[in-house]
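Numbers here simply count residues along the sequence, with the first being 1.
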Amino acid sequence: MTNVRALVLERQHELKLRDIDLPQTVGPGEVRIKIHTVGICGSDVHYYTHGRIGPFVVEAPMVLGHEAAGTVVETGEGVEHLKVGDRVCMEPGIPDPNSRASRLGLYNIDPAVRFWATPPIHGVLTPYVVHPANYTFKLPDNVSFAEGAMVEPFAVGMQAAAKAKIAPGDTAVVIGAGPIGTMVAIAALAGGCARAVVADLAQPKLDIAGGYQGVIPVNVRDLAAEVKRLTDGWGADAVFECSGSSKAWETLLDLPRPGGVVVVVGLPVAPIAFDVATASTKEVRIETVFRYAHQYERAIALMASGRVDLKPLISATFPFEDSITAFDRAVEARPADVKLQIRLPD
């Protein structure tokens with residue numbers, strides 16, 4: 001363990017920039033990475049404001065941050081696909097490779113996964129981290145560090161689009177124009193959707209989402225009527241619920257076409273009522289998303305190709321020393337803010 005500077009969540013509502021002991025020794029199959037950019041995720045903010053997410057409770061000081069990109073500065077024994085100087089982004093969840101879930105290829109739902117900034121695992125808002133090379137991905141020259149730190153949330157969008165089994169020309173509906181909702185829409189379009197109707201109450205967020213070709217921004221109050229109009233009353237092929245609002249479920253099943261799919265991305269804070277009769281008579285398929293698996297390379301390839309540009313979603317970047325200010329702004333949830341990032345010293 002080495003004493004290093006980090007952004008530490010001491011307990012609910014209390015953040016400090018201070019020194020803390022973190023592992024820095026590089027073992028076989030690992031790399032040491034100099035962190036460049038870290039995005040602030042809604043889960044980071046939730047731990048700050050609530051001290052817990054479901055069963056994950058902050059019971060000891062924890063370093064925040066899991067959306068990151070940086071540069072390899074040291075490689076361990078057996079690492080061949082990465083070298084010192086490579087610009088990389090990192091998948092933050094480390095599963096047990098021998099678990100039943102991992103052997104099925106579903107490593108994201110391995111109960112033993114160790115995920116950055118999920119209690120009690122420390123995150124990466126610190127100058128250097130050590131990480132398995134197999135979960136570290138080289139960035140193409142035309143993908144910046146800031147974009148590299150966006151791969152993690154975009155992977156959620158990729159997972160959602162994959163779960164929907166999109167066919168070319170499909171119509172998608174995305175409820176929620178936050179960072180994940182907008183990236184789900186972008187992934188759905190990249191996956192073959194001809195259009196993605198994005199619904200929210202916050203007009204500034206809709207304006208940002210509407211800047212992407214193929215996105216149709218709609219006030220959520222007008223969503224049902226707009227979907228009916230656009231599809232001649234048939235319904236959307238794929239509906240992505242990204243708001244986490246229980247109210248969205250009151251009319252959600254009115255939106256998909258018969259035989260369509262609903263992909264659940266947002267997590268309501270409490271159990272919801274579910275209209276089984278409507279789901280059954282329409283034979284709506286229900287899919288769920290928990291993080292992602294096998295999406296990083298696909299996400300990076302789309303970004304490198306120029307087909308996906310996530311730069312417009314970066315609202316502001318703060319220096320590391322202003323990390324607490326950055327988190328306090330994230331707590332404000334300004335309507336025009338999509339993704340806030342923190343840049344560490346060079």
Side-chain angles (χ1 to χ4, degrees), residues 42 153 156-290 333 335 338:
V156 177
M158 296 286 289
Q159 183 83 351
K163 284 292 194 81
K165 296 182 172 60
I166 290 165
D170 274 356
T171 293
V173 168
V174 179
I175 301 174
I180 294 299
T182 302
M183 286 191 238
V184 165
I186 294 168
L189 290 166
C193 282
R195 54 192 176 181
V197 180
V198 177
D200 205 296
L201 286 170
Q203 190 59 45
K205 285 184 168 56
L206 289 174
D207 291 341
I208 294 168
Y212 285 91
Q213 184 176 2
V215 169
I216 302 171
V218 175
N219 187 292
V220 73
R221 297 186 184 93
D222 305 322
L223 177 59
E226 184 66 5
V227 171
K228 186 175 182 179
R229 184 188 70 81
L230 287 169
T231 64
D232 294 326
W234 177 236
D237 300 290
V239 177
F240 300 90
E241 205 309 286
C242 301
S243 72
S245 168
S246 59
K247 188 171 179 60
W249 284 91
E250 295 175 7
T251 55
L252 186 74
L253 292 175
D254 295 338
L255 301 173
R257 65 168 172 80
V261 62
V262 170
V263 183
V264 185
V265 184
L267 299 178
V269 296
I272 59 163
F274 181 71
D275 184 355
V276 176
T278 298
S280 295
T281 55
K282 294 175 80 170
E283 282 204 353
V284 171
R285 178 165 54 93
I286 308 294
E287 294 282 355
T288 57
V289 168
F290 183 64
V338 179

Indicate yes or no: at least one non-hydrogen side-chain atom of [X] is less than 4.5 angstrom from one of [Y].
{"X": "Glu226", "Y": "Asn219", "answer": "no"}
{"X": "Leu253", "Y": "Phe274", "answer": "yes"}
{"X": "Val218", "Y": "Ile216", "answer": "yes"}

Original post:
With Arg195, which residues qualify under salt bridge (charged side-chain N to carboxylate O under 4.0 Å, His left out), at least two apart?
Top reply: none

For a quick test of reading the model, state the closest non-hydrogen atom pair linking [X] to [Y] and the distance between them.
{"X": "Ala209", "Y": "Thr182", "result": "CB-OG1, 4.1 Å"}
{"X": "Pro268", "Y": "Trp249", "result": "CG-NE1, 4.4 Å"}
{"X": "Leu189", "Y": "Ala196", "result": "CD2-N, 4.0 Å"}
{"X": "Ala177", "Y": "Val198", "result": "CB-CG1, 3.8 Å"}
{"X": "Ile180", "Y": "Pro153", "result": "CD1-O, 3.8 Å"}
{"X": "Phe240", "Y": "Ala188", "result": "CE1-CB, 4.2 Å"}

Original post:
Which residue, Val173, Thr231, Ile166, Thr171, forms the side chain to side chain contact (heavy atoms under 4.5 Å, CB included) with Asp237?
Top reply: Thr171

Subject >> Name of the residue among Leu252, Thr251, Ile175, Val239 meeting side chain to side chain contact (heavy atoms under 4.5 Å, CB included) with Leu223 >> reply: Ile175

Subject >> Heavy-atom neighbours of Lys247 NZ exceed 12 at 6.0 Å >> reply: no

**OP:** Run the salt-bridge test on Arg285 and Glu287 with the 4.0 Å N-O cut-off and return the result as yes or no.
**Re:** yes

Determine whether a donor-acceptor pair (N or O, by modelled atom type, separation under 3.5 Å) exists between the side chain of [X] and the backbone of [Y].
{"X": "Lys282", "Y": "Arg257", "result": "no"}
{"X": "Ser280", "Y": "Ala277", "result": "no"}
{"X": "Lys205", "Y": "Pro335", "result": "yes"}
{"X": "Glu241", "Y": "Gly244", "result": "yes"}

Original post:
Can you tell me how far the CG atom of Leu267 sits from the OG atom of Ser243, to the nearest 0.5 Å?
Top reply: 10.5 Å

Original post:
So how far is it from Phe290 CZ to Lys163 NZ, rounded to the nearest 0.5 Å?
Top reply: 11.5 Å

Subject >> side chain to side chain contact (heavy atoms under 4.5 Å, CB included) between Asp200 and Val220, worked out >> reply: CA-CA 5 Å; Asp200 205 296; Val220 73; 5.8 Å; no

**OP:** Using side-chain contact (heavy atoms from CB on, under 4.5 Å) as the criterion, list what pairs up with Thr288, not counting sequence neighbours.
**Re:** Val264

